[in-house]
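In what follows, a structure is listed as structure tokens, so that the remarks can point back to it.
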Amino acid sequence: MSEPRRITHLIDGRPWEGTAERTAPVHNPATGELTGVVDLASAALAGAAVTSAKAAWQQWREVSLARRSQVLFAFRELLHARRAEIAALVTAEHGKVLSDALGEVTRGLEVAEFACGIPHLLKGGFTENASTAVDVHSMRQPLGVVAVVSPFNFPVMVPMWFVPLALACGNAVVLKPSEKDPGATLAMAALWKEAGLPDGVLQVVNGDKEAVDALLTHRDVAAVSFVGSTPVARYVYETGTRHGKRVQALGGAKNHMLVLPDADLDLAADAAVNAGFGSAGERCMAISVLVAVEPVADALVARIAERMRRLRTGDGTRNCDMGPLVTRQHRDRVASYVDAGTKAGARLVVDGTKDEFDADGDGFFLGPTLFDDVTPDMPVYTDEIFGPVLSVVRVASYDEGLALINANPYGNGTAIFTNDGGAARRFQHEVEVGMVGVNVPIPVPVSYFSFGGWKNSLFGDTHAHGTEGVHFFTRGKVVTSRWPAPGHGGLNLGFPQNV
Ligand SMILES: NC(=O)c1ccc[n+]([C@@H]2O[C@H](COP(=O)([O-])OP(=O)(O)OC[C@H]3O[C@@H](n4cnc5c(N)ncnc54)[C@H](O)[C@@H]3O)[C@@H](O)[C@H]2O)c1
């Protein structure tokens, strides 16, 4: 067994060389082996990273738009060339199977590609009034230093939702990755220096609540982009806005999939299994509740259970369907819901804690679990489990299913499976979530469009990336100018008439 490697911050373009007062362990979740020890930033260090980013920002905002764009293109090329290496790091620390990790890096690349052209599109408007010699123009300017705080489940893709776009808009960034699997985020961040980004424009501070609090309260942080669980998203939104920051905070999810009786049940079963158990359910787009409209619930549950029994857990670098969960603690928490669901009276159809799903070794594995006859008062329904547990709620009609989904406090995404175009259209309009799939489970993020939910899945009303992201990372200014300057005509305290 090799020595755990030190994982530290990236400050002013270099790995930090100080001595950390606090650290956290990083494991390979497929083996349980301690592979790294990550430095946790003190509030003072996180604050110093912001101050240094602010100084570097002055330089970055004066770089020509063409140069900004070239740096983004160069980064995109480097990430593309290193995608296999970065994906391997994702699997080694997060545990998801390698094909999922590669898919994640590809999604990140797509958002970077969107950002590459943005510097040239940051234009305002202009109106001229020749008769009064007054011109009015508007511009969009960068905010300054933006803090990005990301969750463990997409260590590459989620930072990529924000970092390239914030930089494209002329900002500096202080990125705080999840302390559970920071390796891939840091490897990705290091590529920016190689791409020509001036030192200090992107800082990476590892850490936990102490570092996040320092960012949320620092006077030189202009905006915060956060993704994580709902309680923390709410806290970040409230604290950040109280300190005068612009905040977008994407929270947790409890995504439902509604299956109408006329649906293709095999298609729906495939989708439920893919979206329920892909990345071991550690996805904000995962389906965790299947709403089955009678009379097809029995047939649907049977099809899903049959597919689930064929899933194999294992080390994500090998040929398997589901990797481990990210930490032992998270695995144990998710596993506790198997017991909680049974005690609450749900019918356990497939038990993911059974030996048949257990991969060899000391990894943090958990097989897929299916509960039927779940009711909305049960913890398996109310809580975001964020693991491979799928709950089936039976309803009598489309209306009952829709009412259930709309009553749920989360509003990230949902899907409907049906062959009735009218019902699908009605659903798109009536359902209260941010992302809807029709005969597909919740769609993957598309970089041109923004990404995010409603209700308790989003605080701050601004979704990630896309044109909403551009708007979030810039602010408008309107300039009214008269040239030549009018001669001195005495004071006029009235509202200007001829401007
Ligand atoms: N809405 C989305 O698009 C989306 C995308 C990915 C993940 N998620 C959500 O993220 C969650 C999983 O990620 P996680 O477990 O890393 O989330 P988390 O909320 O525990 O942590 C997210 C980030 O916040 C920091 N943090 C944790 N506790 C904090 C506190 N008390 N104060 C300040 N900062 C704190 C962490 O260090 C991490 O960087 C799930 O709820 C999932 O649904 C949402």
Side-chain angles (χ1 to χ4, degrees), residues 22 24 26 38-41 43 46 93-94 96 104 107-108 111 147-162 174-182 185-186 204-217 224-240 243 247-255 279-288 325-327 329-331 333-334 383-387 409-414 433-435 442-445 449-466 468-469:
R22 294 186 307 125
V26 176
V38 59
D39 293 342
L40 301 179
E93 290 187 357
H94 175 282
K96 66 181 71 173
E104 170 178 352
R107 295 277 96 77
V111 191
V148 175
V149 180
S150 57
F152 78 81
N153 67 318
F154 285 115
V156 172
M157 186 180 75
V158 168
M160 295 294 288
W161 284 352
F162 306 107
V174 178
L175 167 63
K176 208 296 287 170
S178 169
E179 64 277 33
K180 291 178 184 140
D181 53 359
T185 318
L186 276 154
V204 186
V205 288
N206 295 294
D208 52 13
K209 180 172 168 49
E210 180 173 340
V212 176
D213 282 343
L215 298 175
L216 290 174
T217 53
V224 181
S225 297
F226 173 89
V227 180
S229 59
T230 287
V232 184
R234 184 185 280 116
Y235 167 79
V236 164
Y237 178 73
E238 289 174 357
T239 310
H243 284 84
V247 183
Q248 55 179 168
L250 282 71
K254 193 79 182 174
N255 304 314
S279 297
E282 290 176 330
R283 284 183 188 156
C284 59
M285 299 92 87
I287 293 290
S288 52
L325 276 77
V326 68
T327 58
Q329 191 192 21
H330 186 55
R331 193 272 313 270
R333 180 185 163 276
V334 175
D383 299 0
E384 184 189 26
I385 300 173
F386 214 55
Y410 293 100
N412 205 43
T414 190
V433 302
M435 292 166 284
I442 302 168
V444 290
F449 293 106
S450 303
F451 180 90
W454 290 13
K455 300 190 280 188
N456 282 353
S457 298
L458 178 78
F459 301 87
D461 230 21
T462 309
H463 289 163
H465 64 72
E468 268 187 72

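Numbering of residues begins at 1 and proceeds along the displayed sequence. Numbering of ligands and ligand atoms starts at 1, following listing order. Computed from a predicted structure; not experimentally measured.
- Looking from atom 14 (P) of ligand 1 to the surrounding protein, the closest heavy atom is F152 CD2, 3.6 Å.
- A heavy-atom distance below 4.5 Å is not found between the side chains of V212 and F226.
- When hydrogens are left out, the protein atom nearest atom 9 (C) of ligand 1 is G228 O, 3.2 Å; that is the closest non-hydrogen contact.
- For the pair L175/V148, a side-chain contact is recorded, criterion being any heavy-atom separation below 4.5 Å from C-beta on.
- Contact annotation: for R283 versus ligand 1, there are no heavy atoms closer than 4.0 Å.
- In this structure, K176 and A211 approach most closely via the heavy-atom pair CG-CB, 4.3 Å.
- In the vicinity of G252, heavy-atom distances shorter than 4.0 Å reach the ligand 1 atoms 41 (O), 43 (O).
- Within the listing of ligand 1, atoms 33 (C), 34 (N) sit less than 4.0 angstrom from a heavy atom of V212.
- Among protein heavy atoms, atom 3 (O) of ligand 1 sits closest to F451 CE2, 3.2 Å.
- The backbone N or O of A249 sits nowhere less than 3.5 Å from a side-chain atom of R234 that would complete a donor-acceptor pair.
- With ligand atoms numbered from 1 in the order given, ligand 1 contributes 10 (O), 11 (C), 17 (O), 18 (P), 19 (O), 41 (O) to contacts under 4.0 Å with heavy atoms of S229.
- Summary of contacts: the protein heavy atom closest to atom 12 (C) of ligand 1 is F386 CE2, 3.5 Å.
- Polar contact with ligand 1: absent for T230 (N/O pair, distance under 3.5 Å).
- Atom 26 (N) of ligand 1 has its closest protein heavy atom at V232 CG1, 3.9 Å.
- For Y410, no heavy-atom contact with ligand 1 is shorter than 4.0 Å.
- Among all protein heavy atoms, the one lying closest to atom 13 (O) of ligand 1 is P151 CB, 3.2 Å.
- At distances below 3.5 Å, not a single donor-acceptor pair connects side-chain atoms of S288 with backbone N or O atoms of K254.
- No side-chain heavy atom of S279 sits less than 4.5 Å from a side-chain heavy atom of N153.
- Ligand-side atoms of ligand 1 in range of N153: 6 (C), 7 (C), range being under 4.0 angstrom from any heavy atom.
- In V236, neither the side chain nor the backbone holds a heavy atom less than 4.0 Å from any atom of ligand 1.
- Side chain of K96 to backbone of A280: no donor-acceptor contact under 3.5 angstrom is found.
- Side chains of Y235 and D213: a donor on one and an acceptor on the other come within 3.5 Å.
- Taking the six-membered ring where the residue is Trp, F451 and H465 present parallel rings, their angle staying beneath 30° rather than reaching 60°.
- In this structure, atom 32 (N) of ligand 1 is in close contact with the protein, since a protein heavy atom lies within 4.0 Å of it.
- Heavy atoms only, all atoms of each residue included: G387 and V334 are closest at CA-CG1, 3.9 Å.
- When all heavy atoms are compared, the tightest approach of P159 to T185 is CG-CG2, 3.8 Å.
- When heavy-atom distances to ligand 1 are checked against a 4.0 Å cut-off, S150 comes that close only through its backbone atoms N, CA, C and O.
- Across A253 and S457, no two heavy atoms sit closer than the pair CA-OG, 4.2 Å.
- In this structure, P151 and S178 have side chains that are not in contact, with every pair of non-hydrogen atoms separated by 4.5 Å or more.
- Counting heavy atoms closer than 4.0 Å to ligand 1, residue D213 contributes nothing at all.
- Counting atoms of ligand 1 from 1 in the listed order, those under 4.0 Å from a heavy atom of N412 are 1 (N).
- At a heavy-atom cutoff of 4.0 Å, ligand 1 is contacted by no atom of E282, backbone or side chain.
- If you check which protein heavy atom lies closest to atom 43 (O) of ligand 1, you get E384 OE2, 2.6 Å.
- Residue-to-ligand polar distances place E179 within reach of ligand 1: an N/O pair is separated by less than 3.5 Å.
- Of all the atoms in ligand 1, the ones that sit under 4.0 Å from a non-hydrogen atom of V149 are 23 (C), 24 (O), 39 (O).
- Taking every non-hydrogen atom of C284 and a distance limit under 4.0 Å, the qualifying atoms of ligand 1 come out as 2 (C), 3 (O), 4 (C), 5 (C), 6 (C), 7 (C), 8 (N), 43 (O), 44 (C).
- With hydrogens and angles left out, the side-chain atoms of H94 and E282 include a donor and acceptor closer than 3.5 Å.
- Which parts of ligand 1 touch W161 is read off a 4.0 Å heavy-atom cut-off, strictly below it: atoms 3 (O).
- A41 approaches V205 most closely through the heavy-atom pair CB-CB, 4.3 Å.
- Between G251 and ligand 1, at least one N/O pair is under 3.5 Å apart.
- With hydrogens left out, the protein atom closest to atom 24 (O) of ligand 1 is F226 CE1, 3.3 Å, a heavy atom.
- Backbone and side-chain nitrogen or oxygen atoms of K176 are examined, and one is located within less than 3.5 angstrom of a nitrogen or oxygen of ligand 1.
- Contact check for V227 versus F162: side-chain heavy atoms found under the 4.5 Å cut-off.
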